[in-house]
There are 2 protein chains.
Amino acid sequence: MTTDDNNMGRTPTLADVAGLAGVSTATVSRCLNSPDQVVERTRKKVEDAVLKLGYAPNFNARALAAKRTNTIGAIIPTMENAIFARGLQSFQEELGCSGVTLLVASSSYRTDLEEEQIRTLVSRGADGILLIGLHRDPKIYEFLKRQNVPVVVAWVFDPNAKVPTVGFDNFSAMKALADRVISMGHRRLSTITASPQDNDRASERLRGIYASMMEAGIPKTELSIVEAEYGIDEGGAALEQLLCQTVRPSVVMCGNDVLAVGAIAKAQELGLCVPDDISVTGFDDIEIAKISSPALTTVHVPHRRMGKEAAKMLINLVNAAKNQNSILIETSLVVRASLSGA
Amino acid sequence: MTTDDNNMGRTPTLADVAGLAGVSTATVSRCLNSPDQVVERTRKKVEDAVLKLGYAPNFNARALAAKRTNTIGAIIPTMENAIFARGLQSFQEELGCSGVTLLVASSSYRTDLEEEQIRTLVSRGADGILLIGLHRDPKIYEFLKRQNVPVVVAWVFDPNAKVPTVGFDNFSAMKALADRVISMGHRRLSTITASPQDNDRASERLRGIYASMMEAGIPKTELSIVEAEYGIDEGGAALEQLLCQTVRPSVVMCGNDVLAVGAIAKAQELGLCVPDDISVTGFDDIEIAKISSPALTTVHVPHRRMGKEAAKMLINLVNAAKNQNSILIETSLVVRASLSGA
DNA sequence: GTGCGCAATGCAAGCGCTTACATTGACGGC
DNA sequence: GCCGTCAATGTAAGCGCTTGCATTGCGCAC
């Protein structure tokens with residue numbers, strides 16, 4: 001027994017396998033990547049050697065040589081709530097069907113971090129990237145184009161964007177909800193929203209509320225706005241802030257279900273009855289919307305379908321590089337007990 | 001203007017930067033990795049070239065040459081609920097402090113998938129790996145050891161395991177809860193749990209319940225068990241199943257808060273009053289535990305601290321390779337309204 | 001002025017893999 | 001029996017980077 005061909009020291013390489021199997025590295029490589037090019041007998045020898053050595057290919061070397069990673073990256077604002085997790089899960093499942101691995105990073109809603117992570121993903125050789133929302137420094141899109149990395153943007157729909165989008169119309173969805181709210185007699189409106197600054201979903205939804213108010217002839221000033229990060233406790237805190245104001249709003253439209261559930265809990269804690277004293281609405285229709293008490297009026301977003309479509313589109317782009325048309329995901333109003341007439 | 005030194009075609013490489021800056025590739029590399037080895041004037045030239053070219057280093061090439069990726073991998077059972085997400089978030093934050101990137105994969109609670117993903121992470125050159133729970137094929141641990149990739153296991157505590165763990169004592173935590181439940185007079189017990197088959201957290205917690213029953217002289221048969229995947233709807237379905245049995249349990253101890261919230265919602269839907277007709281307990285103490293109505297009796301797990309400690313430990317292992325001692329994360333009982341006397 | 005030490009830089013050998021191209025040899029048609 | 005064909009395999013040139021070692025040239029002590 002020699003000292004170097006067996007399981008001593010270094011982790012085994014392609015060359016080790018080739019040596020053991022008595023073939024060239026090229027043949028081993030072919031066994032791994034396109035087995036049908038190799039005759040049965042040879043393949044068997046190679047497979048035995050692989051097993052015996054416990055060989056695992058070095059991904060980085062492979063990526064370097066092949067200039068392809070079969071990897072797609074996604075950057076989401078946060079992993080901490082179910083909203084993105086669910087869409088991402090089906091995104092991942094769909095990718096998996098095509099043998100593509102998903103790399104996830106979360107930006108904590110910070111554009112600087114996001115930018116850094118985009119660079120990281122690119123330099124890791126992601127064949128494509130999924131981003132949430134369109135709003136970001138144009139330089140990033142240039143960078144991506146220059147690096148030849150296709151991008152799909154999800155969670156928003158904009159057929160005129162310079163990158164394909166898979167998502168819903170945040171403006172119209174929220175406007176539809178606001179229309180309903182206003183039609184039920186609400187006039188003193190309020191909203192708890194993520195900062196619309198760097199967040200086009202939030203700003204579009206806000207626009208939706210304003211548009212609805214305008215149509216109903218309600219002055220803009222009738223909407224009180226509190227910004228909050230997404231979280232149950234944050235929703236509660238935001239509600240308290242709203243209640244401090246001179247006129248108490250009759251309804252609070254929350255940027256998502258998590259905020260809404262927090263707001264409801266806090267309202268109840270403060271002795272208010274939802275919806276009699278104050279109505280609350282959410283956005284997303286995640287599971288807690290249904291089990292909240294009172295159950296949450298919200299906008300249903302088919303996250304899974306969105307994730308799946310985004311994956312398909314990205315795979316197409318990676319493979320064929322032909323342009324893809326943006327896909328509109330339809331949302332729907334779900335009216336439940338947390339909303340009542342004013 | 002020549003055709004190849006500027007921003008045409010290919011993405012720029014180290015050599016391009018070196019050419020533009022009029023230095024060697026080694027110098028450029030040093031500028032990027034240990035700037036203090038390079039004199040100011042040279043560094044400036046290089047930085048200008050980098051900017052001008054929009055150069056981004058090729059991670060794979062770097063990893064191949066340097067045999068280090070500054071990357072740590074984590075495989076969690078699911079991204080779909082907040083339980084792991086939160087621990088992972090602080091894990092990531094802590095890693096970020098040391099300039100380490102996190103790669104996340106989710107195994108959907110499937111051991112075969114997990115194994116595959118471990119191989120993927122290793123072949124991607126992860127410097128270390130975080131795993132949830134100890135229970136898995138010993139071969140995997142051997143593989144990891146052979147590949148020289150340090151591992152930390154979280155969510156469980158076992159000082160005798162062959163790998164360091166950062167977690168809590170699932171057995172004792174659940175036993176403490178069961179002790180409380182039983183001390184309140186409950187005798188007809190039930191539990192909704194993940195399949196304890198491949199899940200040591202679940203099996204330990206189950207053992208905890210049995211241990212408590214035994215101490216109280218309650219026969220094992222008094223515990224009805226329903227297995228369910230983690231999810232609100234699944235919790236509801238499991239509850240229905242429990243209610244079909246001849247004797248209705250007076251308490252249902254759920255494997256986590258998500259199941260518990262689902263069970264509560266379903267019970268209420270069926271016209272039962274919680275806790276008067278049936279008590280419900282959870283595990284984890286995530287945010288919804290507090291806002292559920294009635295609020296959930298559960299076991300508080302400091303997920304953030306666990307994530308942070310795991311990160312520190314893994315970084316130590318990667319750097320120094322000295323053995324680390326397992327860390328016990330203390331849990332605590334949180335008694336809220338969902339549990340009452342039998 | 002000479003020589004030494006040392007900081008700054010360059011040279012070039014890989015890292016482990018893929019793949020275009022070259023080589024081999026078995027087989028069948030003539 | 002010869003040769004063309006083609007499938008199976010081998011050869012070797014990179015992929016873009018890091019890094020040990022060699023080289024350069026500067027400042028200083030003498």
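Chain naming here is simple, since letters A, B, ... match the order of the sequence lines and numbering starts at 1 in each.
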Strictly below 4.0 Å, heavy-atom distances to any atom of DNA chain C: list the hits from residues 63-70 of chain B, or just say none. Leu64(B), Ala65(B), Lys67(B)
Rounded to the nearest angstrom, tell me the gap between atom [atom1] in [X] and atom [atom2] in [N].
X: Asn60(B); N: dT18(D); atom1: CG; atom2: P; answer: 12 Å
X: Tyr55(A); N: dG16(C); atom1: OH; atom2: P; answer: 10 Å
X: Leu32(A); N: dG16(C); atom1: CG; atom2: P; answer: 16 Å
X: Arg30(B); N: dA12(C); atom1: CZ; atom2: P; answer: 14 Å
X: Arg62(B); N: dT19(D); atom1: CZ; atom2: C1'; answer: 14 Å
X: Asp36(A); N: dA8(D); atom1: CG; atom2: P; answer: 9 Å
X: Lys45(A); N: dA8(D); atom1: NZ; atom2: P; answer: 14 Å
X: Asp16(B); N: dG16(D); atom1: CG; atom2: P; answer: 9 Å

Where the side chain of [X] is concerned, which of [options] is the nearest nucleotide?
X: Thr13(B); options: dC17(D), dC17(C), dT9(C); result: dC17(D)
X: Asn58(A); options: dG16(C), dT9(D), dG16(D); result: dG16(C)
X: Ala26(B); options: dT19(C), dA8(D), dG10(C); result: dG10(C)

Does [N] have its OP1 or OP2 closer than 4.0 Å to a side-chain nitrogen or oxygen of [X]?
X: Ser24(A); N: dG10(D); result: yes
X: Thr42(A); N: dT9(D); result: yes
X: Asn33(B); N: dT18(D); result: yes

Is a salt bridge present between Lys44(B) and Asp48(B), judged by a nitrogen-to-oxygen distance below 4.0 Å? yes
Between Glu94(A) and Lys312(A), does any NZ, NE, NH1 or NH2 come within less than 4.0 Å of an OD or OE carboxylate oxygen? no
Leu14(A) vs Arg41(B), nearer the 5' end of DNA chain C by closest nucleotide: Arg41(B)
Taking atom types as modelled and ignoring hydrogens, do the side chains of Asn60(B) and Arg62(B) form a donor-acceptor contact shorter than 3.5 angstrom? no
With sugar-phosphate meaning primed atoms plus P, OP1 and OP2, does Ser29(B) contact a base, only sugar-phosphate, or nothing at under 4.0 Å between heavy atoms? base
Hey, does Phe59(A) reach any base, or is it just sugar-phosphate, or nothing, if we go heavy atoms under 4.0 Å? nothing
Return yes when atom [atom1] of [X] has more than 12 non-hydrogen atoms of other residues, nucleotides or ligands closer than 6.0 Å, and no otherwise.
X: Lys145(A); atom1: NZ; result: no
X: Lys308(A); atom1: NZ; result: no
X: Gln324(A); atom1: CD; result: yes
X: Gln147(A); atom1: CD; result: yes
X: Asp112(B); atom1: CG; result: yes

By nearest nucleotide on DNA chain D, pick out whichever of Arg43(A) and Thr25(A) is the more 5' one. Arg43(A)
